[in-house]
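Okay, structure first, notes after.
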Amino acid sequence: MTPEAFSRPTLNRRSFLAAALAAGVVLVAESATTSAHAAAGDVTLTAGGISLLAGPGGRLAIRDAGGVTRSAGSKFQVKDSGTGIHVSTGGTPSLSALPDGTPAIRMDYTFDAAAGSTGVTGWFSVGTSHAVLEWHITGAATLVPDGFLFSRAIQAPTAPDDYIAITEWVRDAGGGIPYEDTLGVAHTSTWGTGLHGLFLLDRSRQAWTNATWVHAPGVADPAGGWTSRADFFFSETRPSATATIGRGRELGLELTTDRDFNLYESAGERMELTALVANGGAARSVDLELWVRGFDGALLASTTATGSVAAAGTWQHTFALTAPAAGIALAEVVVRSGDDEAFARTSLAVLPSYDYQAGADSMFGIANYPWLQRPNADALLDLWQKVGIGLVRIAYDGGPGLPPADFDARGMRHNIELQPSLDVTDAEAATWAADKLAVAVGAGAGYFEVGNELNRPFNTGDAAQAYLDKALRPVFDRRAATGDTVKLMNNGLAGMDKPWVENFIAAGGWDLIDAFAYHPGRGNFTPDYIPPGDDWSTGSDGTYWNFYGGLRRLKALMAEHGEKEIWLTEAYAPTKPNSWWHDTYRHAAENVLLTLALAKAEEVRCVCWYQFHDSVLGRPQVADPDNVEYHYGLTNRDLSPKPSLLAYATAARTLDQATFRGRLTFTDPRTFGLWFDTPDGPAVVLWNRADGYLLNTAGQRTDWHFPAPEVWVDPWPTKTPVVVAATAAVRQVDAVGQVRQLPAKGGKVTLTLDGAPRIYYGLKPRTDNQGRHTLARAPRRN
């Protein structure tokens, strides 16, 4: 995987939790009077719509307006890097007050002797439909603030709890495209149709939260120790709006549509885009402004609306739009009231159904399991199959994502990848091999990829022998002993690591694998770029991170040592915003199409795209503009399509039953073409490199920052006309599936080529007597 060394300054309004919550200014509405009561060891605080009941042993209940307990807990957990996990053993509540005089419950927790000097004091207060839960932790310097959790059990919910990221859109102060950033995360609960609740935190990992515990990482307290905080709200609106209202200031905006993934079946359909405005302040009137632009820059819609939002309330407006002929559209809505403003973006697209025919011969896969199953698993798999995904890299019972049976039911193939340790004894390695081979066989995996990116340090070959000894050979030997037929791959290498492969071959590894796997990480180079020379640097901006050069290098090694199936078990087009090393959204779509076309031309057995969603496992949909790992998806954080998703589908549909015939040659050495035969006739992929192989070189770049153009801006200044023979109109298809008919006149057609690959139907490729593949030339004038 491409190294990541870039970060951005914080440019959002993080005061929501990082400042506003810390300062205690979160309000749901104008505060109601808080009443307090203490008797028989219990302490009660009551405000409008909510009450807290604290009791001996650390018990804390959150009750609704009717006095019904909705959440109950009693413990706090800390982690010490030296002594491990410690859970409170009890707690004593007392009626107290915050420094400003607000009535509060103080809870003094107790721990056993193993916790040493650890001390935890809880401070709990209430406002209208809102409880503030804060814990002050002191103890040894070895306490791990990221390891703090509090207990709670939701009582009689009517739907499963959920984990919802709260985000906002921001404009980049350095220029370029806007992006989302995180304001916090919410653990949400539902009781019937009219009552919802959520615990709102600055940070919290879903993976460390369950039915008993909520992950509540601490922050350093200037007075010493750490503070963990969670705000609980009862609400009747969406979590994003609840957060805005709870913040007590600023407008908030969330966009949704009437279709899963914002995808429509055909042109001309009615599309509904709903803007939910939340108001954290006094009643006000607001103006909404909408624009929608196509991939080609055409303004598809532009309109305004005016409404009124009650204090601490919401208002929504639905815009009726018309689905474009094809391709993708970007929508932005801005809400304004006086000097206050918020905005949000989403994308909408047309993607008709398609009947894929390649079956087990399909080259198109996905690199990881479907761990983000929104809106549900069936809808997600429906979309996977609609865009042409026929194989899942990882599936096994008890593993992340869905079990193999779910893929079997849909006729989707599945493999497995499991990670060994190279720092083990031979006996431990043999045990791991036996256990994991059994898992692979039990899963019905077609291939077992033995490990992932174990070739560090890159481009040295140092790790090849240990990998053979501790991982691959033990699995190979175990397979020989059991007679199992699952095929074996080497660990998917990070980059095409020639020294590693050479050492692997020299040590006998080539005969142990049925297929070769690697991950062609790519920087700001077009996919067809082959770096000069042999010394490809592996730094954060090194030429080692290229696609086609590495693939050709691998093919050369295979010509010498024997052919193997080639599996690109992770292929990428990351879209980290305003970063010169990564793809813009438009380049990503172009690069997805060209990557897949080149892979098909080079007889790659399968390309597993990494990954489907913009997200990070453990923190699903938590926007993270600084983390490149977050930006690898084919869909955006809100599940709407990236242009990359349509490019993947365009490639899958074009190449589903395609046979590669050869590379086309032209008199202009900067023009390139791939010729495929398809059931629809010859499909020719053409592009021109007059503008070179490096991306994101224009404009003012500062350090890592590149002010990326909007997705509809054509980044290729040089247009190269190519005149070829054609007796009828030629159909041109761009990366996102937009079709244009090019008229033929006088037996010829003029193609306008640039750095973006496009697919052409209706051209006449041919092979001359020297074996060169060309396009038929236009007839000469008399």
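Formation of a donor-acceptor pair under 3.5 Å by the T182 side chain with backbone atoms of G184 is not found in this model. Between the side chain of K576 and the backbone N or O of T584, no donor-acceptor pair lies under 3.5 Å. Of the possible polar contacts, none joining the D656 side chain to the Y356 backbone as a donor-acceptor pair under 3.5 Å is found. Remark: the backbone N or O of D638 is not paired with any side-chain donor or acceptor of N636 at under 3.5 angstrom. When atom types are taken as modelled, the side chain of S337 and the backbone of D340 share no donor-acceptor pair closer than 3.5 angstrom. Not one N or O on the side chain of Y354 forms a donor-acceptor pair closer than 3.5 Å with the backbone of Q385. For the pair T167 (side chain) and D181 (backbone), a donor-acceptor distance under 3.5 Å is absent. Under a 3.5 Å cut-off, the side chain of D703 and the backbone N or O of H705 do not form any donor-acceptor pair. At least one donor-acceptor pair under 3.5 Å links the side chain of R586 to the backbone N or O of F295. Formation of a donor-acceptor pair under 3.5 Å by the N688 side chain with backbone atoms of G755 is not found in this model.
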Open item on the list: Would L594 and D528 count as a side chain to side chain contact (heavy atoms under 4.5 Å, CB included) here? Give the steps.
Closed with: CA-CA 8 Å; L594 187 54; D528 55 322; 3.7 Å; yes

Task: Full working for side chain to side chain contact (heavy atoms under 4.5 Å, CB included) between H631 and H582 - done: CA-CA 10 Å; H631 297 283; H582 303 100; over 6 Å; no

- [ ] Test side chain to side chain contact (heavy atoms under 4.5 Å, CB included) on V607 and L596 and set out the steps.
- [x] CA-CA 7 Å; V607 180; L596 293 170; 3.8 Å; yes

- [ ] List the steps and the verdict of side-chain hydrogen bond (donor to acceptor under 3.5 Å, both in side chains) for N696 and N524.
- [x] CA-CA 7 Å; N696 307 331; N524 68 320; over 6 Å; no

- [ ] Give the C-alpha distance, both sets of side-chain angles, the deciding distance and a yes or no for side-chain hydrogen bond (donor to acceptor under 3.5 Å, both in side chains) between N591 and T595.
- [x] CA-CA 6 Å; N591 293 337; T595 294; over 6 Å; no

TODO: List the steps and the verdict of side-chain hydrogen bond (donor to acceptor under 3.5 Å, both in side chains) for E250 and T244.
DONE: CA-CA 7 Å; E250 299 182 340; T244 296; over 6 Å; no

Task: Full working for side chain to side chain contact (heavy atoms under 4.5 Å, CB included) between V739 and R731 - done: CA-CA 7 Å; V739 177; R731 181 160 58 101; 3.5 Å; yes

Task: Trace of the side-chain hydrogen bond (donor to acceptor under 3.5 Å, both in side chains) decision for Y610 with E629 - done: CA-CA 10 Å; Y610 185 86; E629 186 73 16; 2.2 Å; yes

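The side-chain heavy atoms of W384 and P370, taken from C-beta on, include a pair separated by under 4.5 Å. Contact of the V185 side chain with the I166 side chain is not registered, since no non-hydrogen atoms from C-beta on lie closer than 4.5 Å. The shortest side-chain heavy-atom distance between D172 and P577 does not fall under the 4.5 Å cut-off. Within the 4.5 Å cutoff, the side chain of L288 has no heavy atoms near those of the T306 side chain. Y163 places a side-chain heavy atom less than 4.5 Å from the side chain of V622. Between L646 and L351 there is a side-chain heavy-atom pair separated by less than 4.5 Å.
Across E254, E180, E710, E168, a single residue satisfies salt bridge (Lys or Arg N to Asp or Glu O under 4.0 Å) together with R345, and that is E710. Partner W315 forms a side-chain contact (heavy atoms from CB on, under 4.5 Å) with one of L276, V335, V286, N279 and no other, that one being V286. The residue from Q206, H187, R374 that alone fulfils the side-chain hydrogen bond (donor to acceptor under 3.5 Å, both in side chains) condition with D162 is R374.
The two atoms that bring T750 and L742 nearest to each other are O-CD1, 4.3 Å, heavy atoms only. Across all non-hydrogen atoms, the minimal contact from Y761 to T654 is OH-CG2, 3.5 Å. Contact between P643 and I328 at its shortest, heavy atoms only, is N-CD1, 3.6 Å. The nearest pair of heavy atoms linking L593 to A647 is N-CB, 4.3 Å. Shortest non-hydrogen contact noted between Y632 and W609 is O-NE1, 4.5 Å. The two residues D541 and W580 make their nearest non-hydrogen contact at CB-CH2, 3.7 Å.
A salt bridge is defined here as a Lys NZ or Arg NE, NH1 or NH2 lying under 4.0 Å from an Asp or Glu carboxylate O, and E265 with K386 meets this definition. For the pair K719 and D754, the salt-bridge criterion is met [side-chain N within less than 4.0 Å of a carboxylate O].
Note on ring orientation: taking the six-membered ring where Trp is involved, the planes of W687 and F672 are parallel (angle under 30°, cut-offs 30° and 60°). Aromatic ring orientation, Y693 versus Y529: tilted (interplanar angle from 30° to 60°).
Note that the CG atom of L321 and the CG atom of L290 stand 6.0 Å from one another [nearest 0.5 Å]. Between L598 atom CG and L674 atom CG the span is 5.5 Å, to the nearest 0.5 Å. Going from atom OH of Y585 over to atom CD1 of I177 covers 5.0 Å, rounded to the nearest 0.5 Å. Here the straight-line distance linking atom CZ of R689 with atom OG1 of T720 works out to 11.0 Å at 0.5 Å rounding. Between the CD atom of E332 and the CZ atom of F343 there is a distance of 5.5 Å, given to the nearest 0.5 Å. Atom CZ of F319 and atom OG1 of T274 lie 9.5 Å apart (nearest 0.5 Å).
Side-chain contact of D583 with T575: a donor-acceptor pair under 3.5 Å is absent, judged by distance alone. Looking at T242 and T237, their side chains never bring a donor and an acceptor atom within 3.5 Å of each other. Under 3.5 Å, the side chains of Y264 and D258 contain a donor-acceptor pair of N or O atoms.
For W371 and F612, the gap between ring centers reaches or exceeds 6.0 Å. Residues W169 and Y179 keep their aromatic ring centres 6.0 Å or farther apart. Two rings, from F364 and Y648, have their centers less than 6.0 Å apart. W716 and H587 have their aromatic ring centers within a separation under 6.0 angstrom.
Other residues, nucleotides and ligands contribute more than 12 heavy atoms inside 6.0 Å of the CD atom of E269.
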